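Proteins get letters first, then strands, A, B, ... in listed order; numbering begins at 1 in each. All values derive from a computational prediction rather than experimental measurement.
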There are 2 protein chains.
Amino acid sequence: MAHPPFAVTVDLVVLTVRADELCVLLVRRGEEPFRGRDALPGGFVRPDEDLATAAARELAEETGLAVGHLEQLASYGDPDRDPRQRVVTVAHLALVPDQPVPTAGTDAAEARWVPVTQARGLAFDHDRVLADGVERARAKLEYTALGTAFCDGEFTVAQLRRVYEVVWGRALDPRNFHRKVTGTPGLLEPTGETTTRDGGRPAQLFRRGAAEQLHPPLLRADT
Amino acid sequence: MAHPPFAVTVDLVVLTVRADELCVLLVRRGEEPFRGRDALPGGFVRPDEDLATAAARELAEETGLAVGHLEQLASYGDPDRDPRQRVVTVAHLALVPDQPVPTAGTDAAEARWVPVTQARGLAFDHDRVLADGVERARAKLEYTALGTAFCDGEFTVAQLRRVYEVVWGRALDPRNFHRKVTGTPGLLEPTGETTTRDGGRPAQLFRRGAAEQLHPPLLRADT
DNA sequence: GCAAAAGTGTTAGCTGTACACCCATGA
DNA sequence: TCATGGGTGTACAGCTAACACTTTTGC
């Protein structure tokens, strides 16, 4: 049993919705290979930690962001994906509420939000990892309650709808969307509070409910 | 950059439908650790091969089975999942038609089909990997054409329906199922042939079509 | 003819879609 | 009172579920 030497890393596709765009958190690489290029945040798995633990640790270290949802995405292990050595990376997908990227008091040199439409030419095979992460997020919004992972503690139905519209790049009927999400038991918990804004009727505020699944699903396309 | 030494393996959840049961391919372990226990087939990734290539190679080596579908499932990397050393495994899910397990002219000592309901106490964390694989298969049958991956080249609608019933453990209405699958464009290609059996009207034979997705989905539960 | 399995027709009910309409606020 | 966005009512289309019914074979 000769076991070739592998390094194992975790990479993070951290998504949020801000300024009506789906954005991903990228860091500028300060070293070779791919120096100066953008990359997904990530790092080596430590000898004593689980993959999920490593992902959560990297997310905290490199970003300090409050996490709405974190799950394993997929693994990537092309023999030449890292020119230095054989590296297998276990990519994870994180969905977080819109929040300014912390003032890099951390590992990450110049971590920042970039619209996914403009995130091209990333280091390693991160273009593909990002594409897979975005597709996973889009698909999971259909049949799970994960849309709320993009929202803050208290939010309106319209804010949640904006999330879906931005992630899917498709307009949704506000009336039907409202009925759907408020009619799904356990999805949203009313706080009793309402917002005050300029113009328009105040909206009720909700919190995330206990429901994880969305049944029947909310489909993104029909035509 | 101190990179702790990792070994990387691929493990395979190979599922089939036989004798009206969902079965998984297991091998008896001939060495420590877990000598004598059942395990999922798998092995180390070679220095020059991709993860998907390694999975396909192991499947061919250890089983020699004709493959209907092969996809990455998830990775497992608990620090103590292998008592010998730190091992991260990239599990893959394979769906294959019902076929006798080849007369171990291969690596596998005593590879054999075991109903998933009786596959307990597997080596390593394979109980969990198997459970994840079965759940993935069940979920994917809802919205993809993967049910046909369990069928031979030519099959009847009833055989396909049996697949769904066995995987989901739920009876389906034969009439509605027939309409659904024959009405989905690109799912099935009629061969023009029919079966002859004892008793009952002969059934049309079909081949897998080009369609990958099933839209709208075929849901397994409503109550 | 009878049993068995394939395949078709039909209907009731649910859900998604589209859109008219009313409600509550700020200016 | 008007603009703006929140929220409700309602009609239609499409799909699913349930099941009566016809077709085609072997015995």
Side-chain angles (χ1 to χ4, degrees), chain A residues 20 141-143 145 147 151 154-166 168 170-185 187-207 211 213-223, chain B residues 20 141-143 145 147 151 154-166 168 170-185 187-207 211 213-223:
Chain A
D20 280 343
L141 285 201
E142 290 194 338
Y143 60 94
C151 295
E154 299 199 346
F155 52 90
T156 67
V157 172
Q159 288 170 338
L160 181 60
R161 176 166 50 82
R162 228 73 88 182
V163 164
Y164 277 81
E165 292 182 332
V166 168
W168 286 344
R170 181 200 165 201
L172 297 172
D173 186 297
R175 289 78 59 104
N176 295 333
F177 184 86
H178 187 278
R179 228 192 320 262
K180 176 81 177 181
V181 296
T182 54
T184 300
L187 179 60
L188 300 179
E189 267 183 28
T191 64
E193 306 290 309
T194 56
T195 44
T196 308
R197 291 159 304 92
D198 52 341
R201 171 174 168 177
Q204 286 181 272
L205 283 170
F206 295 89
R207 253 189 297 273
Q213 300 299 310
L214 205 53
H215 201 78
L218 182 59
L219 300 177
R220 52 183 146 157
D222 264 300
T223 34
Chain B
D20 280 343
L141 255 58
E142 289 194 339
Y143 59 94
C151 295
E154 300 198 344
F155 53 90
T156 67
V157 172
Q159 288 170 339
L160 181 60
R161 177 167 48 82
R162 228 72 87 182
V163 164
Y164 277 81
E165 292 182 330
V166 168
W168 287 344
R170 182 200 166 200
L172 297 172
D173 185 295
R175 289 78 59 103
N176 293 333
F177 183 86
H178 187 278
R179 225 194 321 265
K180 176 83 178 182
V181 296
T182 55
T184 300
L187 179 61
L188 300 179
E189 267 183 28
T191 65
E193 306 290 309
T194 55
T195 44
T196 308
R197 292 158 305 90
D198 52 340
R201 171 175 170 176
Q204 286 182 272
L205 283 169
F206 294 90
R207 253 189 298 273
Q213 300 298 311
L214 205 52
H215 201 79
L218 183 58
L219 300 178
R220 53 180 146 158
D222 266 300
T223 36

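For the atom pair CG (A/Asp173) and CZ (A/Arg179), the distance works out to 8.0 Å, reported to the nearest 0.5 Å.
B/Leu205 places its CG atom 12 Å from the P atom of C/dA6, with the value rounded to the nearest Å. Atom CG in B/Leu172 sits about 12 Å away from atom C1' in D/dT16, given to the nearest Å. As rounded to whole Å, 10 Å separates atom C1' of C/dG7 from atom CZ of B/Phe206. Between the P atom of C/dT17 and the CZ atom of A/Arg220 lies a distance of 14 Å, rounded to the nearest Å. At whole-Å resolution of the value, CG in B/Leu214 and P in D/dC15 are 13 Å apart. The interatomic distance linking B/Leu219 (CG) with C/dT15 (P) rounds to 12 Å, in whole Å.
The residue among A/Asp173 and B/Pro202 whose nearest nucleotide of DNA chain C lies closer to the 5′ end is B/Pro202. Mapping A/Lys180 and A/Arg201 onto DNA chain C by nearest heavy atom places A/Lys180 at the nucleotide closer to the 5' end.
Scored by the ring pair (Phe, Tyr, Trp, His ring centres under 6.0 Å) test, A/Tyr143 finds no partners at all (sequence neighbours excluded). For B/Val166, the side chain to side chain contact (heavy atoms under 4.5 Å, CB included) test picks out B/Val17, B/Asp20, B/Leu22, with sequence neighbours left out.
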Atom pairs, protein N/O to nucleotides 8-12 of chain D N/O, distance under 3.5 Å:
from	atom 1	to	atom 2	distance (Å)
D/dG9	N7	A/Arg179	NH1	3.1
D/dG9	O6	A/Arg179	NH2	2.9
D/dT10	O4	A/Arg179	NH2	3.4

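For the pair B/Gln204 and C/dG7, the criterion of a side-chain N or O lying under 4.0 Å from OP1 or OP2 is met.
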